[in-house]
Structure formats: C-alpha cells, structure tokens
Number of protein chains: 2
Amino acid sequence: MSVNPEVVREVSEFNNYYNSLAELLNRHLADNNLSLSALRVLIKLREEEEQCTAGKLIANLGIDGGYLSRILKSFESNQLIAKRKSNLDGRTWYLQLTPKGSRLLETLEQGSAEQIGKLLEPVPAEQQQALAGAMKTVRHILSDDAKISPEDITYRRDLQPGDAGFIMHMHGSLYAKEAGYNLEFETHTCKTFYEFLEAYNSSKDQVFLAMHGNQIIGSIAVLGHSRYATQMRWFLVHPDYRGIGIGQRLLTEAINAAKEKLFQKIYLITTSQQVAATSLFKKNGFRKSGEKHMPMWGLQLTEERYEIDLI
Amino acid sequence: MSVNPEVVREVSEFNNYYNSLAELLNRHLADNNLSLSALRVLIKLREEEEQCTAGKLIANLGIDGGYLSRILKSFESNQLIAKRKSNLDGRTWYLQLTPKGSRLLETLEQGSAEQIGKLLEPVPAEQQQALAGAMKTVRHILSDDAKISPEDITYRRDLQPGDAGFIMHMHGSLYAKEAGYNLEFETHTCKTFYEFLEAYNSSKDQVFLAMHGNQIIGSIAVLGHSRYATQMRWFLVHPDYRGIGIGQRLLTEAINAAKEKLFQKIYLITTSQQVAATSLFKKNGFRKSGEKHMPMWGLQLTEERYEIDLI
DNA sequence: GAAATCTGTTTGACAAAAGCAATTAAAAAA
DNA sequence: TTTTTTAATTGCTTTTGTCAAACAGATTTC
C-alpha cells in the first residue's frame, strides 16, 4: 500500500501539535507523583484485569524492564497492586490492581477530565461532537483493536433534515467506487428520494438509520406503495462498518416495520452484483421473483427482484 | 459552554491511546541525541524565523527557563543556532537556526516521516485520507491558530457521484439548524437537483465545489434554463469555513462561468433571511428584482429574486 | 540621577525519569 | 545433567526536567 506524502505531513504536524497538547493534558500527573509511564502501567493493569505479568507490560507498553520493575515495586509498597505467584512458572507474578489502586486511577482520571473540561469549555457543543468523532476516527484507523463494535452503533427511525441528502451521497459515491456506476445512478436515487419525500407518510413509510456518533453509516427504508405491498429501498452499510451485523439489524427492523404496518409483502429491486446483500435477503426469507438484463448506470447489469410474504 | 461527558471520555481515551503512539513516533529522536523538548524548540525556531527570543520560547512551549537555557547552549555549541544580541534590550538574544540547524531538522523530519510511513503502510489509501482529515479537524477545533486558511481550500468544477447528495445534505441540515426550515425544504432541494441532474449539460450548466481535503465545504451552480438567462443555485458555505472569502470566490467563479457560456443574465431566488448572502450578491452587482411573502418550509418567509446583467 | 524594582536569561544543585548491563532464579532444551 | 533461554530484579549511569538563587540590563520611583 502506497503512502501519500500529504498524509504523512499532516500526521507529522499533528504529532508535533499533540506533543504540546499532551504536556498540558498530562500535567495533573505531577500532582500525584506519577510518571506518564506509571500511569500507562496502571491503565494497562486495569485493562488486562487478571493474569497480567511484567513481561506482558514490557511487550505492550514498550517500557524498559528495569524501570518497570521499580515502578511495580513502588506500586506494591503503596498497596496499589497485589502480586500473586504463578503456579505454572515460578519466575512470574500475576499483577492486579487493588481496590486502592483502582480508586487512585479513578481520581487521576477525574483530574484528567477536569483538564479536558477546561480545554473544551470554550468549544461550541457541536464542535465538541466533531472533535470526539475525529478522535475516534483516528484511533479506529490506526489501532487494530479499536475496531468498531456493535455497541458503538445507534439506530434512529426518524428522518431529519439532511438525512435524505446524506443517504443519496452514500449511494452515489459508494456505488460509483464499488460497482462503477455513473452519475445516472445518483440521478435515479435522487428521483426516488424526491418521490418518497413528497409522499412521505409515517403510517406507511419508515426509514431506519444506523449511526456512529452523529454520522449516518447505514440505511434502509420501507415504502408503502400500495395497501398490500411495500418496497424496500436504500439498503446500504458503509464499507468501514460492514461485517458486524449492522446490515442484518437494519433488515430485521425493516421487515418488522412492514409487519407492524400490516403489509402482506415486501419487494425490492437490486442487481446481481450485490452478492452480500442478496445472500442476506435470501437468509431472511426473500426469494428471487424476477430478473432482467439491461444497460444501467453505464454498465450492463442484471436487475433482480426479490420478494417476501409476511403472512 | 457546557461540556459533554461522552466527549470528555473520548478525549481521555484518545489521549491515553496517543501517549502510546507518541512513544513510537518519537523514538527516532533518541538516535540523534535530542529530547522531545529540544525538538520542539528547533521546530519553533524555524516557525518564528527571526526575532525569536528565549522568553518567547518559554511562553510558547511552556518549558522551564533553566532547561531551555541549557538546550540553547548545546545548540549553539553544535552550531545549530546563531545568537544575535538585541540592540533594543541588552539582556535578550535573537535566536535563529543556522543552515546546519535547518538541515538537522530536515533529517529528523525525514526519520519521522519514515516512522509514519511504516505506520501508515498497511492502511488503505482512502482511510489514510480520512485519517489526515480527522487529524486536521482535531487541530482545527482545539487550536486557535490552526485556523483554516484560504490556501487549504481547493476548488473543483466537475460533478462526481456523491456530490449532489452531499450538497443536498448540507442544504437540508444547515438550513434546518440555521434557519429552522423543515423537511419540505430538503424535498424541494431534492426536486431541483433531480431536474438539474436529468438535464445536466456541461455546455450550459456548471457546478463549483469548494473542498477541504476530500470534503465538500461549499457549493454553487449556474443552470442554463433558457438561451439568455441562467439561474444561480445551491450557494452555500459550511459555517466552519465562513469569513475567509470562500463565498466570494464561488460567486466570482459562477459569474465568470455564466459569462463564458455567453448568458446575458443571471437570476437567483433566495429569502430575506439570507443577509450575508444577499449583501454579497449586491456587492457583486446583483439587484433585487422582486419579492413576495409566503409560507415556506414551515415558516413565514419573504422570497426575494435577484438579477444581474452580464453584458 | 541614584536606589529600588522588574524582567530576561543564566547558573548551581538536585530530583525524577529512563536506559543499560550484569545478576538471579526458574524453565526449557540439548 | 548440563546448557541455554527466559522473566524479573538490581546496581549503575545518563538524560531530562525542576527549583531557587544569581546576574545583568531595563524600568520605575522618589
């Protein structure tokens, strides 16, 4: 994978900037006679809970063994941690925070939170949100273990101003990138959205959005076209958030909504390209009810129709 | 301004995460026998160029005076900086990087870039972009001096898949927040966009987008409705980017495009609420050619029409 | 205009933080 | 059993950073 020099420059500048900021954010540590390394050890100990050894800390934190040994010794003499000999290996000790250690960590984090509060105080609320989002993005991209988990995702079933545009944006840009569709596809999406918005009625129509923070990362909708049948549309999950069950959740919600609104049938139009989506449809009881080859969105595609009976 | 505890938590976690990362990114410093503080001094000296004094460094970097004095002394003995006595104040010295100092700094940044390169190597290209964007956002929000400057903004005149949706999104969400418009407004925007996209023809239509990285932050368009007149639409700059001339630049581009396409007249529809925009229109030669009161987008508004003759 | 005060910088003494190498003791391999 | 490897500790050292006092030029005060 090639690396964009512009990106490297920004990371470098960011690093330089954050080095100054860190100095400010970590200043409160001095009040408690703790070094940054010592704090990181405490945090790691809480994370690992049990069965944490010195070696693990050395490997994870990149800290010198000798230095760590002294940190741990001081922790022990202050009763912040408890050591317990391993019965598998007589050389190693399992390290664990004592209640006192946990309390200290909490106090420290309290102090840190106050510093952060002061820093954030003059920042308008929505910029604060944007900040948190951006920081999460940084962590998410750079660390393997800060993967997005289903708990980070919230769901919303009301359509707010800006939502429709963003869903169109996701469709336009993602299908262009992933499937090679041209602008005609976004035009078509725009048309369907206009028809939807104009006739929007919550008794027959329902939108579901998957959100990460205040960012839309997935969507689905059911549109009551007749008294009996409803069309499912705009089923999409942003690629960064696939594979953690968001698609299934959206689909379930949509099917349930259609049932609640007493529709007898759901149908949807997709293409044979959408392998992941169609397999999900089939798994949820949809069956293919038609297909035709045709030139669409600048490509030669096979349009497919799926249906499910709800009663 | 109140502070959201969720945001504080994310900042705290981010800080914790970045402390580990910084250790990695700054490791190369040890190879050159420089401390992090010393590096920051070097960077600041390059930034300030001339007339930088020790006091300024102390104030800006929050570094101890005694420590700084020693760092500077070592820099001087290594011919990385040159001191020059102030003739205004006999106590102070103006500090300046020597060519050798600049070269060292470049070498260091080279090393840093290599570290960053290694870190970024497994990250897909678009996630790299997203990372840079997120980091810029963080800096932008937290630092007063990292204000967006006009040089950071690029302009684009082609309409790519996803653009239309995003412009609609900006209109829908921003007008809702700033002017209180309801969903009907986004519906209307959607309709106008559909009409535009369907009849899109680059000989008569032109879109301009202001970009920050790969994010759309401003838009404008001219739509050739007849042989003589063109309508200006979707003129909007994201609030975070206002007041640095982006609006004027977009407007100029749009007027020029209309002239190039040999239209005789531009007209546009807006409301009396859009004070900043209308004053910009007037400043650029538009005149009000009509207005009517009417209920719109859930409010009682005064719709205004502006025109400009191009020949 | 001399004394007192203030400000920018330097110096000395010292403490804290971190790294390196040698050592110990247990485990694993030969 | 001997050798080698590994986890942790200890002694020693360097680096980094802090604090208070000193110093010298500037400014204020009387």
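Both backbone and side-chain heavy atoms feed into the values below; hydrogens, waters and symmetry mates do not. To find a chain, count down the sequence lines: A is the first, B the second, and so on, and within it residues start at 1.
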Q | Heavy-atom protein contacts under 4.0 Å, nucleotides 8-14 of chain D, coded B base, S sugar-phosphate only, - none | A | SBBBB--
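- When heavy atoms are screened at a 4.0 angstrom cut-off, Leu57(A) is found touching no nucleic acid atom at all.
- The OH atom of Tyr94(B) sits 12 Å away from the P atom of dG8(C) (whole-angstrom rounding).
- Contact annotation: the side chain of Asn4(B) never approaches that of Leu120(A) to less than 4.5 Å [non-hydrogen atoms, C-beta and beyond].
- Under the 6.0 Å distance and 45° angle rule, Arg249(B) counts as a cation-pi partner of Tyr155(B).
- When rounded to the nearest whole Å, the span between CG of Leu88(B) and C1' of dG25(D) equals 13 Å.
- Salt bridge Glu13(A)/Lys136(B): absent, no basic N to carboxylate O contact under 4.0 Å.
- Between Asn33(B) atom CG and dT15(D) atom C1' there is a gap of 10 Å when expressed in whole angstrom units.
- Straight-line distance from the CG atom of Asn26(B) to the P atom of dT16(D): 12 Å, rounded to whole Å.
- In this structure, Lys100(B) places its NZ atom where more than 12 heavy-atom neighbours from other residues, nucleotides or ligands lie under 6.0 Å away.
- For dG17(D), one of the phosphate oxygens OP1 or OP2 lies less than 4.0 angstrom from a side-chain nitrogen or oxygen of Ser35(B).
- Between atom CH2 of residue Trp93(B) and atom SG of residue Cys52(B) there is a gap of 15.0 Å, rounded to the nearest 0.5 Å.
- Taking atom CG of Leu61(A) as the reference point, atom C1' of dA18(C) lies 14 Å away to the nearest angstrom.
- Taking atom CZ of residue Arg84(A) and atom C1' of nucleotide dA7(D), one finds them 17 Å apart after rounding to whole Å.
- Atom CG of Asp89(A) sits about 9.0 Å away from atom OG1 of Thr53(A), to the nearest 0.5 Å.
- The nearest whole Å value for the distance from the CG atom in Leu34(A) to the P atom in dA17(C) is 8 Å.
- Counting to the nearest Å, the C1' atom of dA17(C) and the CG atom of Leu39(A) are 15 Å from each other.
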